[in-house]
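Report on the structure given below.
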Amino acid sequence: NLAHCLRLIDEAAQDSPALMVLPEMSNWSGGMVRSLEEALQHGCTVPGRFTDALAERAERHGCHIAAGLIERQGDEAFITSVILAPDRRIVLKYQKQVIFGGQRVWATSGRCGNPVVDLPFGRVGVYICADGLVPETARMLMLQGAQLLLNTLHSGGSDETHLHVPARAVENRVWVASANKVGPRDLGGVGYYCGGSQIVSPGGVVAARADDRSDMVVSAVIDLSQDRKSTRLNSSHTD
């Protein structure tokens, strides 16, 4: 999926965004991961080749890039999301804590806590897919002052895009930018990812939303600061 992620990043760069968001497990193109052995085979170290390639694009386009991946650490696998800065640094790393369904077979619950980071345009936190099915994860980020939450998804459940993502924005009075996948899934309860990448305001207004099946980039200009400066974000699908 790396080549596909880089193509989407280059497409999104046409809008000169301050931040781009890619989905959960962007280095994995299948459906459900079947085993720990499979996760370790396809997992990446952090930092490593996958994040280095995204970091090069962050530098080239002068923006921050958030992306999810299967992370390999020794004999453990984590579902991880990172934020990469224009100087190629990893400025935030978060590991998924609410492990969903069949992921319990191979994924270790995260040990990074719930970090937030101050970026040039505002204070940002990350949560991953099933972390957003409960209110507590997003709430912990908001209580640390996060103004924008990034939600990376690898989901076929339309309840996430239509209910849980907007709900977390409204509950915490923060912006949420979520990025999900599209296309067929070879395993799992449904045969397709549900798409619906979107950017939602603190009042629950959808500023931009992709459809359920198309591979596309959506963007919006949002305001996170008291002095009313604007920030452009992109949220994209990947198959």
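Every value quoted in this text rests on a predicted model; they were computed, and no experiment measured them.
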side-chain contact (heavy atoms from CB on, under 4.5 Å) between R57 and L84, worked out: CA-CA 10 Å; R57 283 304 202 276; L84 300 152; over 6 Å; no
State whether the side chain of R123 and the backbone N or O of Q144 hold a donor-acceptor pair below 3.5 Å, judged by distance alone. yes
List the steps and the verdict of side-chain contact (heavy atoms from CB on, under 4.5 Å) for N27 and H42. CA-CA 8 Å; N27 61 333; H42 294 279; 5.8 Å; no
When you measure from the side chain of D131 to the backbone of V98, do you find a donor-acceptor pair of N or O atoms at a distance under 3.5 Å? yes
Spatial distance of atom SG (C194) from atom CG (D211) [nearest 0.5 Å]: 11.5 Å
In terms of hydrophobic clusters joined by side-chain contacts under 4.5 Å, are L143 and V134 together? no
From OG1 (T80) to CG (L69), nearest 0.5 Å: 5.5 Å
Which pair of non-hydrogen atoms, one from N1 and one from S29, has the smallest distance, and what is that distance? OD1-CB, 3.4 Å
Between atom CE of M32 and atom CZ of F100, what is the distance when rounded to the nearest 0.5 Å? 7.5 Å
How close do K96 and C129 get, heavy atom to heavy atom, and via which atoms? NZ-CB, 3.7 Å
Might you point out which heavy atoms bring G68 and F50 nearest each other, and give the distance in Å? O-CE2, 4.4 Å
Are a donor atom and an acceptor atom from the side chains of N151 and H164 found within less than 3.5 Å of each other? no
Residue pair F78, V46: steps toward the side-chain contact (heavy atoms from CB on, under 4.5 Å) verdict: CA-CA 11 Å; F78 296 85; V46 178; over 6 Å; no
Check whether any side-chain heavy atom of N180 sits under 4.5 Å from a side-chain heavy atom of S197, and report yes or no. yes
For residues I83 and A66, report the shortest heavy-atom separation together with the two atoms involved. CG1-CB, 4.0 Å
same_hphob_cluster(V165, Y193) at 4.5 Å side-chain heavy-atom cutoff: no
Given the rule in the side-chain contact (heavy atoms from CB on, under 4.5 Å) test, do L148 and L150 qualify, once you have shown the distances and angles that lead to the verdict? CA-CA 7 Å; L148 168 66; L150 310 182; 3.8 Å; yes
CZ on R60 to CD1 on I65, rounded to 0.5 Å: 10.0 Å
Give a yes or no on whether V126 and W28 share a hydrophobic cluster (residues Ile, Leu, Val, Met, Phe, Trp, Tyr; joining criterion: side-chain heavy atoms under 4.5 Å apart). yes
Value for OG (S178) from CG (L149), rounded to nearest 0.5 Å, stands at 11.0 Å
All heavy atoms of L54 vs all of I9, minimum pair found to be CD2-CD1, 3.7 Å
Is there a path of hydrophobic side-chain contacts, each under 4.5 Å between heavy atoms, that joins Y127 and I99? no
If you compare all heavy atoms of R139 against all heavy atoms of E171, which two are closest, and at what distance to 0.1 Å? NH2-O, 3.3 Å
CE of M20 to CG of D15, rounded to nearest 0.5 Å, is 9.0 Å
According to a hydrophobic-cluster definition based on side-chain heavy atoms being under 4.5 Å apart (Ile, Leu, Val, Met, Phe, Trp, Tyr only), do I128 and V33 belong together? yes
Any side-chain donor near an acceptor of the partner, R168 and T137, under 3.5 Å: no
Donor-acceptor under 3.5 Å (Q147 side chain, L224 main chain): yes
